[in-house]
Every structure is written in structure tokens, then in C-alpha cells.
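By convention in this document, chain letters (A, B, ...) are assigned in the order of the sequence lines, proteins followed by strands, and residues within each chain are numbered from 1.
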Amino acid sequence: MNYWLMKVEPSAYSIDDLKRDGTTSWEGVRNYQARNFMRDEMKAGDKVLFYASNADPSGVTGLAEVSREARPEPKDPTWCMVDIRYVDKFAEVVSLETLKKTKGLENMLVTKKGTRLSIQPVTKSEYDIVVKLGKRRTSA
DNA sequence: GCCAACGTTGGC
DNA sequence: GCCAACGTTGGC
């Protein structure tokens, strides 16, 4: 079982879109490193942190899981896509700022400056911490 | 909208 | 194979 973080701009596709659609094909990745993660390491059932970039605030907005392993994109077989399935929408965005200041997440790639990789591996421990943050409701 | 950081391209 | 120029990403 592997754990991932997948980035997308909410203007392109949001957790609400995924909730509505149930599953979606993750197309359009045009980065070799990200493609190789999908092609070589993503398995059905892997857990996904759904991350909104260029958002207000940017951060993890919910959870998904890999429902179908990588296959070539029909129109552009150099690249490939997986399917992901909606799992949960967080009550509140776990913002990048929160990720940065949470103990145990210091090594997450997304918190590091200049990391543009749109699909990133995360550890189980990092995944669990983010889920805990996302499910926690603020008392305010 | 700005701009730093990064990946890719292409001339040599 | 180097590296400058260019395009893109993404936080702010």
C-alpha cells in the first residue's frame, strides 16, 4: 500500500468535482517523474491526499484512492493516467501553512519551496497526520 | 499579477 | 554534453 499527494488547481478540478463524479481519470500529467510514479508504483487501493494548488488557501481538501492502475492516455500514449475515486471531503482545508508547521510533516515535498511535482509520494505516517488534521473540527 | 524555482528545449 | 533562453508552476 502506497500513499500519494496529487495536486490540481481547483479551477481545473476540485474535490467537489470529484465528489460529484465519484471517479475520474487523472489525465494531463506532463512531467516524467510524476508519470513514472503513476505508471510504476501506483496500485489500486493506494491512498491519495487531494491537494488544491493556486487556491485560497492552498492545501489538502480531501481524500481519494486509486481505483484503476495506470494505462496510456488514448490520445497521447507517451503519457498515462490512473483513475481515482472520491473518499472524503475535509470539513476544513488543511492549508499549506498548517502542513508546514505540523510536527512530523517536515519532510513532505509539498512543504518545500520550489517543489512543482504534481504527484508526490507521502509516507503512511504523514498521511495519517494529515487525515487527523482534516477530520478535526475546529471548536470555533 | 509578480516573480522565484524549476523543467525543457535547442544551438553550439 | 553544456548551458542560456524560454515556458510553466505555484506561493504570495
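- No donor-acceptor pair closer than 3.5 Å links the side chain of A:D46 to the backbone N or O of A:V66.
- If you chain together hydrophobic residues whose side chains sit under 4.5 Å apart, A:I129 and A:L5 fall into the same group.
- Looking at A:N2 and A:E41, their side chains never bring a donor and an acceptor atom within 3.5 Å of each other.
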Any chance you could list the contact pattern along nucleotides 7-12 of chain C? Use B for base contacts, S for sugar-phosphate-only contacts and - for none, protein heavy atoms under 4.0 Å, 5' to 3'.
-> BBBBBS
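- Going from atom NZ of A:K113 over to atom C1' of B:dA4 covers 6 Å, rounded to whole Å.
- In summary, the side chains of A:D83 and A:T23 do not present any donor paired with an acceptor at a separation below 3.5 Å, with no hydrogens or angles considered.
- The six-membered or imidazole ring of A:W4 lies away from that of A:F50, with a centre-to-centre distance of 6.0 Å or more.
- Computed from coordinates, the A:Y32 OH to B:dC6 C1' distance equals 16 Å when rounded to whole Å.
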